[in-house]
Undergrad: 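For reference, the structure I am asking about is given below.
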There are 2 protein chains.
Amino acid sequence: MTADGEQTKARLLTEARDLYLEEGFVRFSLREVARRAGVSAAAVYRHYDGKEALLHQVCTEGFRVFFSYLMRALAGKTPRERLMLSARQYLRFALENPRDYRVIFMGAAEDLATLAPAENAHEYAPTFQFLVDRVRECMQEGVLRKGDPMATATLVWANVHGLASLRLSGHLAGAGSDEEFGRFYEGAVERLLAGLAP
Amino acid sequence: MTADGEQTKARLLTEARDLYLEEGFVRFSLREVARRAGVSAAAVYRHYDGKEALLHQVCTEGFRVFFSYLMRALAGKTPRERLMLSARQYLRFALENPRDYRVIFMGAAEDLATLAPAENAHEYAPTFQFLVDRVRECMQEGVLRKGDPMATATLVWANVHGLASLRLSGHLAGAGSDEEFGRFYEGAVERLLAGLAP
DNA sequence: GTCTATAGGTGGATAGAC
DNA sequence: GTCTATCCACCTATAGAC
């Protein structure tokens, strides 16, 4: 590949990402991506194996970003603080990257075989593992009741996901601004952890 | 309208529903609905105002079914039993009508202006109100800590929705069969109510 | 009320020249 | 590696005959 080839390939990916962020899946098309990138539709096939492959690449990028949000929670000084920060970062990611969140956790891409959970479970595993680890260290230090870390992590996940996804769907619009909702969210998490304390 | 006209109209609706249940939104088309109903694509326009109107009708039907599931929870003899039954019926609906659940609560129809939450908020209101009422009566009888019924109902909703939607997305496939998951779900709800008790 | 025919459009993907 | 030209499939929606 030449240098130009690499540049075009990267350009196509960013344009694809923008288009997908703007329009979602239904209105996503190869031709439009090519138009925006300033190349012909045919050129795309030199770099990607068709529409689904390109979309898949875009989504993989979404996972990477999500993980980067979570990682920032490691700045917390105690297990409890890291767990709370994880929850906060989770919501931050959802609110700041709603389309990605939908794809990853709300199955917005249900019609795309490429993105079926079963087919890319390996992309989810590390992020869930991250949460399990946070829960486990909380159990070890007596912040949470001892038990199966995976089961408890699932409860925590369902909780934050439930709130985040209802918010994104617009069903909790009555909760006010994102900031107000953020406080409600933190309160809910605090209460949940209290209920899971020893 | 003649009797035949009414029959065709009803037939179109059921075929539209089936197609949507099988293929989802992306692959939903008027032509295919017409094919299945045994009429021409043009005939559809005599009965419905186009594709979106037909889809909207299909979704309205989904709401109706969801509400009928919830109503069965009124068979419970105590406020607590009715609340627990509501949670159980909620999951039942989700597992037995996954596509409808996605549309109603997971924003699978995000690209369909017709179905934007803001535009049919009046369809959600009664179902949320149902939950608020269950929570309120629990507060009145001392089953739940007194407070804002809407805030508490939101917490309960986020909880059951979080579990149900993650299950539907395939993210909790590790939880075993639907029956096993059902037990995990009930346990989670019990724990939540315990945390919200006086 | 239903049909056929058709207009007018989108999109994915490929062939072959350069 | 990129282009133009092209094929083919599919869609929504309408016009006008019956």
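Residue numbers begin at 1 in each chain, while the letters A, B, ... track the order of the sequences. This structure is a prediction, so every number in the text was calculated from the model and none was measured.
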Undergrad: Over how many whole Å does the gap from A/K9 atom NZ to D/dG1 atom P extend?
TA: 10 Å
Undergrad: Is there a side-chain contact between B/H171 and A/H161 in this structure, where contact means two heavy atoms from C-beta onward sitting under 4.5 Å apart?
TA: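 B/H171 does not reach A/H161 side chain to side chain.
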Undergrad: Side chain of A/R31 only, please: which of C/dC3, C/dA13, D/dG1 is the nearest?
TA: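 Nucleotide nearest to A/R31's side chain: C/dA13.
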Undergrad: State whether B/E186 and B/R183 are salt-bridged, where the test is any N-O pair (Lys NZ or Arg NE/NH1/NH2 against Asp/Glu carboxylate O) under 4.0 Å.
TA: no
Undergrad: Out of C/dT2, C/dA15, D/dG1, which has the shortest distance to the side chain of B/A43?
TA: C/dT2
Undergrad: Nearest to the B/R35 side chain among D/dC3, C/dT2, D/dC11, which nucleotide is it?
TA: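 Of D/dC3, C/dT2, D/dC11, D/dC11 is nearest to the side chain of B/R35.
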Undergrad: Starting from P on D/dG1, measure out to CG on A/L12 and report it in whole angstrom.
TA: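 Rounding to the nearest Å, CG of A/L12 and P of D/dG1 are 13 Å apart.
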Undergrad: Grouping I, L, V, M, F, W and Y whenever their side-chain heavy atoms are under 4.5 Å apart, do A/F130 and B/L166 come out in a common cluster?
TA: yes
Undergrad: Could you tell me the separation between the CD atom of A/E23 and the P atom of C/dT10, rounded to a whole number of Å?
TA: 14 Å
Undergrad: Between P on D/dT2 and CD on A/Q7, what's the gap in Å once rounded to a whole number?
TA: 10 Å
Undergrad: Output yes when at least one side-chain N/O atom of B/S29 is less than 4.0 Å from OP1 or OP2 of D/dC10, else no.
TA: no
Undergrad: For the side chain of A/Y45, counting heavy atoms from C-beta on, which of D/dA15, C/dA13, D/dT2 is nearest?
TA: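 Looking only at heavy atoms from C-beta outward on A/Y45, the closest nucleotide is C/dA13.
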Undergrad: Side chains of B/Y69 and B/N97: does their closest heavy-atom pair fall under 4.5 Å?
TA: yes
Undergrad: Please tell me if the side chains of B/Y48 and B/L30 come closer than 4.5 Å, counting only heavy atoms from C-beta onward.
TA: no
Undergrad: D/dT14 P sits how many Å from B/L30 CG, rounded?
TA: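 B/L30 atom CG is separated from D/dT14 atom P by 11 Å.
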Undergrad: Whole-Å distance between C/dT2 P and B/R11 CZ?
TA: 12 Å
Undergrad: Send over the distance from B/L54 CG to D/dA13 C1', rounded to a whole Å.
TA: 14 Å
Undergrad: Using OP1 and OP2 only, check whether a side-chain N or O of A/T8 sits under 4.0 Å from D/dG1.
TA: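 Result: no.
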Undergrad: Please give, in whole Å, the distance from D/dT4 C1' to A/R46 CZ?
TA: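 From A/R46 CZ to D/dT4 C1': 14 Å.
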